[in-house]
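Proteins come first, then strands; the chains are lettered A, B, ... in the order of their sequence lines, and each starts at number 1. Values reported hereafter were calculated over all heavy atoms of this structure, with side chains retained and with hydrogens, waters and symmetry mates removed.
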Amino acid sequence: MPAVPVHPTLRPSWGWWRWTWRTLVSMRTAVALLCLLALAAVPGSLLPQRGVASDPNAVPQFFVDHPRLGPWLDRAGLFEVYAAPWFAAIYLLLLVSMLGCVLPRSLRLWRNVRARPVAGPPRLERLEQHRSWNIERERISDARLAATSALRAARFRVDIDRDEVRAEKGYLRELGNLGFHLSLLILLVGVGYGKLVGFEGRVVVVEGQGFTNTRSQYDEFTAATLTDLRELTPFSMTLDAFDVVYANSGPNLGQPLVFDATVSVTKGTGAGAETTIVRPNEPLNVDGTKMFVTGNGYAPVITVRDAKDNVVTSGPVVFLPTDQNYGSSGVIKAPDAQPEGLAFEGVFLPTAATGTAAPISAFPDLQNPQILLTGYSGDLGLDRGPQSVFVIDKSNLTQLSVDAKPFQISLAPGETVELPDGRGSLTFERVDRFVNFQVAYDPGRQIALLAAILLLVGLTASLTIPRRRWWLRVVESQGSARVELGGQSLTRRSLPDRDLRRLESALAPLLGDASDSLHDDRRYAHVRD
Amino acid sequence: MSATDLAIWSDRAVAAAIMVYALAMVCLAVTTARLRLARPAPAEVVTANAAMVFGPSATSADESTSGAAWGPGSTPTQGFLERLGVVLLGLGVVLHSAGLLTRGLAAGRAPWGNMYEFTLAASLAAAVVLLARIRLAAVRVLAVWVVGIVLLALGLAVTVLYAPADDLVPVLKSYWLVVHVAAAITGGGIFTLGFVASVAYLFRERAERRGAVPRDGLPSAGTLDRLIYGAHMVAFPIWTFAVIAGAIWAENAWGRYWGWDPKETWAFITWVCYAAYLHAQATPSWRGRRAAWLGVVGYMAFLFNFFGVNLWISGLHSYAGV
C-alpha cells in the first residue's frame with residue numbers, strides 16, 4: 001500500500017488490476033511486445049557493445065569519437081543493450097504475457113482432452129467439408145460402426161452419441177504450442193544458469209609455453225556471480241606448435257588455410273600428457289571447459305643486455321597484429337637495466353615490404369621477418385602501479401638518439417644491435433607464434449540445447465498438425481434415412497483431404513446413391529480458435 | 001575437368017540463367033499485364049500501363065468499377081505466353097542449379113561460403129519455391145515479381161558481389177556451414193514468396209477496402225492472405241532451425257552459443273518479426289493489413305542481415321566478405 005494517503009477513487013481497484021492483467025496477457029499486447037522487442041534489439045547491432053567479442057576497444061573508441069553523445073547514450077544503456085533494464089523489461093513482460101496466455105490455455109486443453117468431443121452444429125452441410133448419402137435403415141448401425149472404426153484407425157478421439165458420432169484429432173498441435181512457449185522459459189533458465197555459474201576467459205599462449213587452468217593464469221577473466229574459482233576444472237596444457245598455412249597463390253592470396261595448434265594436455269594432477277590438435281571449430285574440451293583458437297600472431301624472441309652486459313630481459317614478446325598481413329605492434333620493457341631502465345616500442349613485420357615509404361607487411365607468413373624499434377631510457381614507472389604490457393609510460397623516459405636524431409633499430413632474426421652511449425645491446429633471436437585461446441565454461445548450455453530442441457519440435461507440431469473435428473449423423477424422415485458427414489478444421493488451414501477419402505471408402509460399401517456436396521471456403525468462423 | 005574449367009562453366013551457366021529468367025519475366029509480365037488490361041476502356045489503358053511499372057496502384061483501382069475481376073474461382077485463360085514463361089522459369093532453374101552445382105564442385109565444398117555464392121543459392125531457393133507452387137493460379141500472378149527479385153539478386157551477385165571460387169578460411173570449415181546456411185537459404189527462399197504476396201496483399205487490400213472490386217489482375221485479398229500464411233508457416237520453423245544450428249555452430253567455434261553479434265542480432269530480429277506475424281494472424285486487431293506489414297518488415301530484416309550486416313557492420317561474421 002502507498003505510504004502517502006491517496007484519494008479513494010484514485011486507488012487502483014480490483015477491477016483495475018484485473019483489467020491490467022487481462023490487457024497484459026492478451027494476444028494484442030503480445031504482438032505489440034514482440035514488435036517492441038525486435039525494435040529494441042536494433043540499436044545493439046548498430047552501436048558498439050560492451051562484452052561483445054568482436055572488438056573490445058570499440059566502445060572506448062566511440063567515446064573518443066563522440067565525446068558529447070557517448071555519455072548520453074551510455075546513460076540510456078545503449079552500449080549494453082542486451083543487459084539494459086529496459087530490454088529486460090520488454091522480454092520479461094513478454095514472458096509474463098506469454099505465461100498468462102499459455103497456462104490457462106493448457107488447462108483448457110487438459111479439460112478438452114478429458115471431456116467428450118464437442119457436439120456438431122445443427123446443420124452439418126454448412127461445414128467446410130460435407131457429404132450426405134441415402135442409406136437403408138438396416139444399415140445405419142453398420143455405417144456408424146464403419147465410420148467409428150475408420151476414425152479410430154486414423155487415431156481420432158471418437159465419441160458415440162445417440163444421435164451422432166463425434167471425432168476430434170490434433171491435440172498434439174496444442175501440446176506443441178504449449179511446448180514451444182514453455183521451451184522459451186526453459187531457454188531463459190539455461191541462459192541465466194550459464195551466466196550465473198559459468199565463466200569466460202582469454203589467454204595468450206606462446207609456442208613452447210603452457211597454461212594451467214587457474215584464475216591467475218588468465219589474461220582476461222569474466223567470472224559470473226556464482227562462479228566458484230576453486231572449482232575450475234584442473235588441467236594444464238602446453239602449446240607444442242602452431243602450424244599456419246596461407247594461400248601462396250590464387251585469387252585470395254594470403255588467406256589463411258590452416259590454423260593447427262598442437263597441444264599437450266594433462267588432466268587433473270595426474271601425469272601422462274595427451275597430445276591433440278586444436279583448430280577453429282574443433283576446440284579442446286576438458287570436462288566441459290572448452291578452449292578455442294580465436295586468434296594468433298607473432299612473438300619475436302628478444303634479448304636485451306645492459307651496460308654491464310647482463311641479460312635484463314629475454315624471451316618471446318607478444319606483438320599484437322594490426323592488419324591483415326600481421327603487421328604487428330608491441331613494446332619491450334627492461335626496467336632493471338643499468339645504469340637506467342630501457343624500453344622499446346615498434347612494429348614487427350613478418351614479410352617486410354621493400355621499396356615502400358612506410359614500414360608495412362606484404363604477406364602474413366614469415367618470408368622476410370623484420371623488427372623496427374625505437375628505444376627509450378629512464379624510469380619506466382613500473383613501481384608506481386600496474387601497467388599494460390602493450391604500452392610504455394613515457395613521462396619519465398628520454399628517447400635514445402644519435403646525433404640528435406632518434407636511434408632506429410631494424411633487425412632480422414639472429415641480428416644484434418649495440419645501443420648508443422654504451423647502454424648495452426638488443427638481440428632479435430628468432431620468431432615464435434602465439435595463439436589467443438578463448439576459454440569458456442557454460443554448464444547451462446545443455447539446458448539451452450534441450451530447450452532449443454523442444455522449441456523446434458513444439459513449433460513444428462503447432463504449425464503443421466491440423467486440428468479438426470468430424471461428425472457423422474443419421475437423419476431419418478418418412479421411411480428414408482440419410483447419412484450426413486461434416487468436417488471442420490479448427491485452424492486457418494483447410495481440412496486435409498485424406499480424412500474424407502478415408503471415411504468415404506469406409507462407408508462406400510454400405511451406401512446407396514450419393515448426393516455429394518463439398519463445401520469449400522464456407523466455414524464457421526466461430527468454430528475455429 | 002579441372003576446377004578452373006568448372007568455375008568458368010559455373011559463371012557461364014549463371015549468365016545463361018540470367019538471360020532465361022529475363023525472358024521468363026517478360027512472358028510473365030505480359031501475361032500479368034493482360035490480366036490487368038482485360039477489356040479495358042480505351043482511356044484507361046495509359047493509366048494501367050503506367051501503373052504496371054510500379055505494381056498495382058490505387059489510382060487504377062479507383063477508376064475501375066467494371067472489367068475483369070480476378071478471383072480464385074475464375075481462372076484466366078492459360079495463355080501460350082504464360083506457359084512459355086513457366087517453361088522458361090523451369091529452364092532458368094535448371095541452368096541456375098547447374099551454375100551452383102559446378103561452383104560447388106570447383107571449390108570442392110558446399111557452394112555457399114561467401115556473399116556471391118550465398119546470393120546465388122538463396123535466389124535459386126526462391127526460384128525453386130516459386131516453381132514448386134506455380135500450379136496455384138495466385139502464385140502465377142505473382143511469379144513475375146518473384147522472378148524480378150531473383151534477377152535483381154543474380155544481377156547484384158555477378159556484378160558487385162562476385163568472388164572467384166576458392167577455399168574457405170579455417171573458421172568456416174565445418175559441416176555446420178552446410179546445415180546452418182542451407183537452412184537460412186531455404187527459409188529465405190520461402191520468405192521471398194511470402195514477401196511478394198504480402199506486398200500484393202497490401203495493395204489489393206487497400207483497393208478492396210475502398211469499395212469496388214479492383215481490376216488489378218491480383219488475386220483476392222483473402223487468397224493472398226492464405227498464401228502469405230502458408231509461406232510463413234513453412235518458412236518460420238526452417239528459419240528457427242537455421243538460428244538454432246547457427247547457435248550450435250557458434251558454441252563450437254567461439255565458445256558461446258549466443259553473443260549478440262550483429263548477424264545473430266538481426267537473425268533474432270527477423271525471427272521475432274515473423275513470430276509477431278504468426279501471432280498477429282490469431283489476433284483480430286492485428287490480422288490482415290498489420291500482419292502483412294509485419295511480414296514485409298521481417299523480410300526487410302532478413303535482407304538487411306545479409307547485405308547490411310555483411311557490408312556495413314563489422315562483427316564476427318565479417319569474413320563472409322564480398
*Between A/Asn281 and B/Trp249, a side-chain donor and acceptor under 3.5 Å*: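 Per modelled atom types, A/Asn281 and B/Trp249 side chains form a pair under 3.5 Å.
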_Polar contact flag, side-chain donor to acceptor under 3.5 angstrom, B/Trp254-A/Thr294_ =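 There is no such pair between these side chains.
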I need the residue from [options] with the largest number of non-hydrogen atom pairs under 4.5 Å to chain B.
| options | value |
| --- | --- |
| A/Leu456, A/Leu34, A/Val31 | A/Val31 |
| A/Val439, A/Leu257, A/Asn285, A/Val42 | A/Leu257 |
| A/Asp260, A/Leu455, A/Val191, A/Val81 | A/Val191 |

*asked:* Check this for me: does any side-chain nitrogen of one of B/Arg256 and A/Glu200 sit under 4.0 Å from a carboxylate oxygen of the other?
replied: no
Of the backbone (N, CA, C, O) and the side chain (C-beta and beyond), which part of [X] lies under 4.5 Å from a heavy atom of chain B, both, or neither?
| X | result |
| --- | --- |
| A/Arg279 | neither |
| A/Ala452 | both |
| A/Tyr246 | neither |

_Heavy-atom side-chain proximity of A/Tyr82 to B/Thr265 below 4.5 angstrom_ =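 They are in side-chain contact.
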*Are any of the side-chain heavy atoms of B/Met233 and A/Arg493 separated by less than 4.5 Å?*
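Yes, close enough: below the 4.5 Å cut-off.
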*Proximal to chain A - members of residues 293-301 of chain B, heavy-atom separation under 4.5 Å*: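 Checking residues 293-301 of chain B against chain A gives B/Leu294.
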Checking heavy atoms, do the side chain of [X], its backbone, both or neither come under 4.5 Å from chain A?
| X | value |
| --- | --- |
| B/Asp225 | both |
| B/Ile238 | neither |
| B/Thr240 | both |

Would you compute the distance between atom [atom1] of [X] and atom [atom2] of [Y] and round it to the nearest 0.5 angstrom?
| X | Y | atom1 | atom2 | value |
| --- | --- | --- | --- | --- |
| A/Thr491 | B/Tyr229 | OG1 | OH | 6.5 Å |
| B/Phe241 | A/Ile453 | CZ | CD1 | 10.5 Å |
| B/His279 | A/Thr29 | NE2 | OG1 | 12.0 Å |
| A/Glu282 | B/Asn252 | CD | CG | 8.5 Å |

Flag yes if more than 12 heavy atoms outside [X] fall under 6.0 Å of its [atom1] atom; otherwise flag no.
| X | atom1 | value |
| --- | --- | --- |
| A/Tyr441 | OH | no |
| A/Phe259 | CZ | yes |
| B/Arg12 | CZ | yes |
| A/Gln61 | CD | yes |
| B/Arg133 | CZ | no |
| B/Arg290 | CZ | yes |

*Output all residues satisfying ring-ring contact (aromatic ring centres under 6.0 Å, His included) with B/Trp271, sequence neighbours left out; order by chain, then residue number.*
B/Phe236
*If you tally heavy-atom pairs under 4.5 Å against chain A, which of B/Trp258, B/Tyr277, B/Trp286 wins?*
B/Trp286
*asked:* To check you understand the geometry: which heavy-atom pair defines the closest contact between A/Leu463 and B/Pro237, and what is its length?
replied: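 Nearest pair, atom of A/Leu463 first, then B/Pro237: CD1-CG, 3.7 Å.
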*Of all heavy-atom pairs between B/Trp266 and A/Ser45, which one has the smallest distance, and what is that distance?*
NE1-OG, 2.7 Å
*Would A/Arg445 and B/Tyr257 satisfy side chain to side chain contact (heavy atoms under 4.5 Å, CB included), going step by step from the backbone distance to the final call?*
CA-CA 8 Å; A/Arg445 69 201 156 96; B/Tyr257 52 86; 3.8 Å; yes
*From CA spacing to verdict: side chain to side chain contact (heavy atoms under 4.5 Å, CB included), A/Leu449, B/Glu251*: CA-CA 11 Å; A/Leu449 181 64; B/Glu251 201 278 330; over 6 Å; no
